[in-house]
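The residues of the chain are indexed from 1 along the displayed sequence. Since we're looking at a predicted model, the values are computed, not measured.
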Amino acid sequence: MLYYLFDFLHRHYNVPGTGVFQYTSFRAAMAVVTSLIIAQLFGKRLIAILQRKQIGEGIRDLGLQGQMEKKGTPTMGGLIILLAILVPTLLFAKLDNTYIILMILSTVWLGLIGFVDDYIKVVKKDKEGLAGRFKMLGQLGLGLTVGWVLFFSHDVTVRQYLLPNGQFSAVDASKVYQDVKLMITTIPFAKNNELNYGDLFATAGDFFNEYYAFFYIPIVIFIITAVSNGANITDGLDGLAAGTSAIIGITLAIFAFVSGNAVLADYLDIMFIPNVGELVIFCTAFVGACVGFLWYNSYPAQVFMGDTGSLAIGGIIAVLSLIVRKELLIPVLCGVFLIENLSVIVQVSYFKYTRKKYGEGRRLLRMSPLHHHYQKLGYHESKIVSRFWIVGIMLAVITLVTLKLR
């Protein structure tokens, strides 16, 4: 909103200083500062309200060190994250940008699903929360919407450059180009690293070649569901999910910046995505929200984000990755989420297998998800979180290295 106000003042009245809002870097800086301030101010008040209404986390005794001390800690703190993301985005981003609209929709959509789940758990005192099938239905609906927009919207394009041999390329810049509707993504660690989803079905006949949206959209649904659930599972220790998500958010902000800048995209020899640079404002607001939330969520936590926050931040990361065409890098970038997810899947599968084969269930880990395994081994909670953050930073660096390591 402020962008349009200052743009109007700059163009019609030439008010000194208003032109600075034309710069993405300035608006991104303002977004992160604003999100930090909102998280600080709103967080303190929300925690007081939740404590007054006795909206606290119910703890199931799993025999973990310090676990029962957390009983009654306010939850639904994800509202802090949502507000700290949405307000700066609405203030500083171009709201007619398709990508910004998609991110606002994704944030509200999954935040609402998580809020309903938390409300049923802590207010209605139903430990099961929102039924799993309704969560899945909500994630499926968002995946369908995001996939449909990315595939069919004419505002979602990539720049193709005309090469001397008459062919078009997404990375070899020249003065002759056109912005086209093309569903391509980046293959990490490969030289000519653009994969066209349509090429996967080019030899399957005209029907599959023309309607491969029916294959692309399920991929989008799977990615959004997997990453949002991964963030949800990771949210089991103070500061773990928020800190890891902030690291991922910084990485995605860099990808959005270089992919949305024609000069940098040319220099790095990566695909240029028109209008995607506006997502830097959203990404910085997201990072600021996660860091601001850590003020209250770091050990010992004064508030938990609950599903309100964890489902939303996972979905945000997934949709951002899809928009900047880096979804194939998710297993690396979101490696912490992935290993947490896999630890649960492997533990449950092995338990069922051994129970069927030997008559009793056996476990590979002391407990799943993985962070609880380390707790059972005697590691302090803050040490586990710090080391997971370090792993997250290492994975983020590896992800960024793919910009040139091909």
Side-chain angles (χ1 to χ4, degrees), residues 1-4 21-35 81-82 84-111 142 145-147 149-151 153 155-159 179 183-186 220 223-224 227 245-265 268 270-291 312-330 333-334 396 399-400 403:
M1 298 177 185
L2 289 180
Y3 167 80
Y4 296 103
F21 271 75
Q22 301 298 317
Y23 296 99
T24 301
S25 55
F26 174 79
R27 289 184 288 127
M30 292 298 296
V32 71
V33 170
T34 304
S35 64
I81 297 175
L82 298 183
I85 293 173
L86 293 173
V87 172
T89 301
L90 293 173
L91 287 176
F92 299 108
K94 297 179 183 178
L95 301 181
D96 58 348
N97 183 289
T98 300
Y99 300 127
I100 291 293
I101 295 171
L102 209 53
M103 292 314 307
I104 292 173
L105 174 67
S106 301
T107 304
V108 174
W109 191 311
L110 287 177
L142 177 63
T145 303
V146 171
V149 171
L150 292 180
F151 193 91
S153 174
D155 294 326
V156 179
T157 60
V158 294
R159 183 156 293 178
D179 296 336
M183 296 313 299
I184 59 177
T185 190
T186 303
V220 173
I223 290 172
I224 291 175
V227 180
S245 298
I247 295 165
I248 296 171
I250 293 170
T251 308
L252 289 172
I254 294 172
F255 277 129
F257 184 74
V258 298
S259 298
N261 185 296
V263 175
L264 289 176
L268 293 170
I270 61 175
M271 76 172 80
F272 172 68
I273 309 172
N275 303 315
V276 84
E278 197 66 20
L279 281 181
V280 177
I281 288 88
F282 182 91
C283 290
T284 52
F286 173 72
V287 172
C290 291
V291 173
I313 61 178
I316 287 168
I317 290 168
V319 178
L320 281 171
S321 301
L322 287 161
I323 291 175
V324 298
R325 316 292 177 113
K326 298 295 184 290
E327 62 267 29
L328 297 183
L329 279 168
I330 286 178
L333 178 60
C334 302
T399 305
L400 289 172
L403 286 171

TODO: Take Thr107 and Phe286 through the test side-chain contact (heavy atoms from CB on, under 4.5 Å) and record every step on the way to the result.
DONE: CA-CA 10 Å; Thr107 304; Phe286 173 72; over 6 Å; no
- [ ] Tell me, please, which residues at least two apart from Thr34 pass side chain to side chain donor-acceptor pair (under 3.5 Å).
- [x] none
- [ ] Drop me the distance from Leu252's CG to Phe257's CZ, to the nearest 0.5 angstrom.
- [x] 15.0 Å
Task: Partners passing side chain to side chain contact (heavy atoms under 4.5 Å, CB included) against Thr89 (at least two apart in sequence or in another chain) - done: Ile85, Ala93, Ile100, Ile104, Phe282, Ala285
Open item on the list: Holding to ring-ring contact (aromatic ring centres under 6.0 Å, His included), I want the full list of residues that pass it with Tyr4, two or more places apart in sequence or in another chain.
Closed with: none
TODO: Measure the spacing between NZ of Lys326 and OG1 of Thr251 and express it to the nearest 0.5 Å.
DONE: 12.0 Å
Open item on the list: Please give me the minimum heavy-atom distance between Val158 and Pro274, naming the atom from each residue.
Closed with: CA-CD, 4.0 Å
- [ ] Indicate yes or no for a side-chain donor-acceptor contact from Glu278 to the backbone of Lys94 under 3.5 Å, with no hydrogens or angles considered.
- [x] yes
Open item on the list: Distance check, rounded to the nearest 0.5 Å: Ile223 atom CD1 versus Ser321 atom OG?
Closed with: 8.0 Å
Task: Atom CZ of Phe21 with >12 non-hydrogen neighbours under 6.0 angstrom - done: yes
Task: Heavy-atom closest pair, residues Val227 and Ala318 - done: CB-CB, 3.8 Å
Task: Interatomic spacing from CG in Leu264 to CD1 in Ile270 - rounded to 0.5 Å - done: 8.0 Å
TODO: Start with the C-alpha gap between Leu400 and Phe255, add the side-chain angles, then the distance that decides, and say whether side-chain contact (heavy atoms from CB on, under 4.5 Å) holds.
DONE: CA-CA 8 Å; Leu400 289 172; Phe255 277 129; 4.3 Å; yes
Open item on the list: Arg325: which residues meet the side chain to side chain donor-acceptor pair (under 3.5 Å) condition with it, sequence neighbours left out?
Closed with: none
Task: Contact summary for Ile247 and Ala396, nearest pair of heavy atoms - done: CG2-CB, 3.8 Å
TODO: Quick one: list whatever passes salt bridge (Lys or Arg N to Asp or Glu O under 4.0 Å) with Asp96, sequence neighbours left out.
DONE: none
- [ ] Determine yes or no for a side-chain-to-main-chain donor-acceptor pair under 3.5 angstrom, with Arg159 supplying the side chain and Phe272 the backbone.
- [x] no
TODO: For Thr98, check side chain to side chain donor-acceptor pair (under 3.5 Å) against everything at least two apart and list the hits.
DONE: Asp155
Task: Gap separating the CE atom of Met30 from the CD1 atom of Ile281, nearest 0.5 angstrom - done: 12.0 Å
- [ ] Would you name the heavy atoms of Ala31 and Pro88 that are closest together and state the gap between them?
- [x] O-CB, 3.6 Å
Open item on the list: Which heavy atom of Arg27 sits nearest to which heavy atom of Phe92, and what is that distance?
Closed with: NH1-O, 2.8 Å
Task: Residue pair Cys283 / Ala253: nearest heavy atoms and the distance that separates them - done: CB-CB, 3.5 Å
Open item on the list: Working to the nearest 0.5 angstrom, can you tell me the gap between Ile273 CD1 and Thr157 OG1?
Closed with: 9.0 Å
Task: Exam field: side chain Asn97 to backbone Asn275, donor-acceptor pair closer than 3.5 Å - done: yes
- [ ] Could you check Val220, Ile224, Leu102 and say which one makes a side chain to side chain contact (heavy atoms under 4.5 Å, CB included) with Leu142?
- [x] Ile224
TODO: Under the side-chain contact (heavy atoms from CB on, under 4.5 Å) rule, what do Thr186 and Leu329 come out as? Steps first, then yes or no, please.
DONE: CA-CA 8 Å; Thr186 303; Leu329 279 168; 5.6 Å; no
